[in-house]
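Values reported hereafter were calculated over all heavy atoms of this structure, with side chains retained and with hydrogens, waters and symmetry mates removed. Remember, it's a predicted structure, so these values are computed and weren't measured experimentally.
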Amino acid sequence: MKKGMTIIACAFFLLPFMLLSVHSQEDMESVDRSVFDNPQRPAAVFKHEAHNETAGIEECNECHHVYEDGKLVEDESSEDQRCADCHGPEDQGNQPSLVKAFHVNCKGCHKKQKKGPIMCGECHVR
Amino acid sequence: MHDLYQFVSGPLAWVAFILFVGGSLYRMIAMLVEVKKKEPFIFTYMSLKYSLRSIVHWMTPFATYNWRRKPVLTVVTFAFHICLFVSPIFLLAHVTLWDESWDISWWTLPDGVADVMTLIVIAGCVFFLLRRLTQPEVQFVTFPSDYFILAIVAAPFVTGFLAYHQWFGYPMVMVLHVLAGEVMLVAIPFTRLSHMIYSPFTRAYMGSEFGVIRKSKDF
Ligand code: HEM
Ligand code: HEM
């Protein structure tokens, strides 16, 4: 009994540290949704490195793109910026709103390749 | 599942919306043509004022004698119909799909609120079912098709609810939801659910007849 209590107490104190260490891990597990004011869905599953490896995506600018005068710039990429730095809450001409940018980017490719999730709950897993 | 979902949410959705809109227009026009042929004198006393007076009264809870006579049924009927229209039209997931396909979007409900409204619709269906099973005066005018229609209406809400919570095999439930929604849309013009199309005309006619001819109220 006493031993059990000790273990529970230890676990209780260690928990914050365990959570912290998970959080600071390098590998992205899901797309950060803190840029949305009042998120309605669970964060979308996206294991950055593993995803791009299994999907066989070579170019970073498949997603981290750069546009100049409405034209896609071939050999430049924008992984130093977040999607939210350019994509606002509303559509601006050809530039989709942030949610739509994610959805069109992710779902668009999955539909085209007939591989990868396309239904809400397959990405926003509860 | 990839191909199946693409099919039911793509080409099949087109078919469903075309049948829903086209079928509704057809039923409306066919009805007006019928009236014109059989009872053209009705048009001579149709009145916008009395039509709207009747429609507004019947759209307001407890504003008619009939609504006051059965308070529980009235509350359920209004809660049911309001949630039935508001939850799918202002659902975040539906608007997201419209936005992605057509670049149109509008205000949406928080998911939690939509979820509760979905439950209200389901509860309404259960209420109507129990009413048909237990009230002798309703039992008397109930046909098997009435149960079938209740099931058609409940299905998109039950499957939508399960899909939202990702219970019981998400991708399959999602496909079933889209199918159930399409069946319901198509059923509106072609079953008793067409009361959506006819009810404004019925009220306009009753309002005008009572207002203009009988100089009284139909509520
Ligand atoms: C073309 C047909 C339709 C499509 C493609 C569609 C798609 C969807 C999607 C993607 C969801 C979200 C599921 C999730 O969160 O994972 C959903 C939920 C829902 N749908 Fe539909 N839907 C269709 C027709 C309908 C119709 C006709 C109705 C009712 C009149 C309806 C009522 C609902 C409701 C009430 C929910 C949410 C349930 C909840 O949050 O508790 N849907 N639908
Ligand atoms: C302008 C639109 C509509 C109006 C004015 C309307 C009006 C009504 C009224 C007056 C009732 C009778 C309630 C009672 O027994 O006191 C009713 C019942 C019902 N309505 Fe509607 N309605 C509309 C649209 C719809 C739609 C779009 C659907 C479903 C797709 C629907 C489904 C039902 C169902 C399932 C019942 C219950 C039937 C039963 O007793 O089993 N309604 N409606």
Side-chain angles (χ1 to χ4, degrees), chain A residues 29-31 33-46 51 54-57 62-63 65 67 70 83-84 86-126, chain B residues 1-13 87-88 90-118 156 158-182:
Chain A
E29 294 281 331
S30 62
V31 180
R33 54 173 199 166
S34 63
V35 286
F36 295 97
D37 285 339
N38 178 18
Q40 296 290 310
R41 300 270 158 165
V45 179
F46 183 60
H51 173 274
T54 33
I57 308 172
E62 192 82 56
C63 301
H65 53 204
Y67 278 92
C83 310
C86 301
H87 292 273
E90 304 288 339
D91 293 355
Q92 290 168 341
N94 283 336
Q95 187 176 334
S97 69
L98 184 59
V99 185
K100 217 198 290 185
F102 279 119
H103 287 162
V104 169
N105 174 250
C106 312
K107 262 202 267 186
C109 176
H110 296 161
K111 278 188 181 169
K112 213 162 52 198
Q113 304 214 2
K114 292 185 178 293
K115 257 196 240 164
I118 52 172
M119 307 179 209
C120 319
E122 293 177 311
C123 286
H124 301 284
V125 182
R126 276 179 207 280
Chain B
M1 208 54 83
H2 216 282
D3 288 335
L4 189 56
Y5 178 76
Q6 293 252 55
F7 175 69
V8 295
S9 63
L12 214 55
S87 65
F90 297 104
L91 188 72
L92 176 65
H94 291 172
V95 175
T96 305
L97 293 174
W98 286 110
D99 195 13
E100 282 162 30
S101 312
W102 296 94
D103 280 327
I104 47 169
S105 64
W106 51 88
W107 179 85
T108 57
L109 287 163
D111 273 339
V113 175
D115 208 30
V116 172
M117 296 184 98
T118 303
V158 173
T159 51
F161 182 78
L162 294 180
Y164 175 72
H165 292 279
Q166 300 175 15
W167 288 334
F168 308 122
Y170 177 74
M172 198 60 216
V173 170
M174 197 62 246
V175 169
L176 287 178
H177 169 70
V178 179
L179 279 172
E182 288 162 351

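If you check the side chains of B:His165 and B:Asp115, you find a donor sitting under 3.5 Å from an acceptor.
Taking each heavy atom of A:Arg33 and A:Pro39 in turn, the nearest pair found is NH1-CB, 3.6 Å. Looking at every heavy atom in both residues, B:Thr159 comes nearest to B:Val173 through O-CG1, 3.5 Å.
With salt bridges taken as basic N to acidic carboxylate O contacts below 4.0 Å, none links B:Glu100 and A:Lys100.
With a 4.5 angstrom heavy-atom cutoff, B:Asp103 touches chain A via backbone and side-chain atoms both. Within the 4.5 angstrom heavy-atom criterion, no atom of B:Ser105 approaches chain A. With a 4.5 Å cut-off on non-hydrogen atoms, A:Val125 touches chain B through its backbone and its side chain both. The contact between A:Lys114 and chain B is made by backbone and side chain atoms together, counting heavy-atom distances below 4.5 Å.
With chain B as the partner, the residue from A:Met119, A:Gln40, A:Arg41 showing the most heavy-atom pairs under 4.5 Å is A:Met119. Note: B:His2 leads B:Gln6, B:His2, B:Met174 in heavy-atom pairs under 4.5 Å with chain A. Counting heavy-atom pairs closer than 4.5 Å to chain B, the top residue among A:Pro96, A:Ser97, A:Gly108, A:Cys120 is A:Cys120.
Under the 4.5 Å side-chain criterion, counting only non-hydrogen atoms from C-beta, B:Val95 is not in contact with B:Leu91. Side-chain contact check for A:His110 versus A:Lys115: every heavy-atom pair is 4.5 Å or farther apart.
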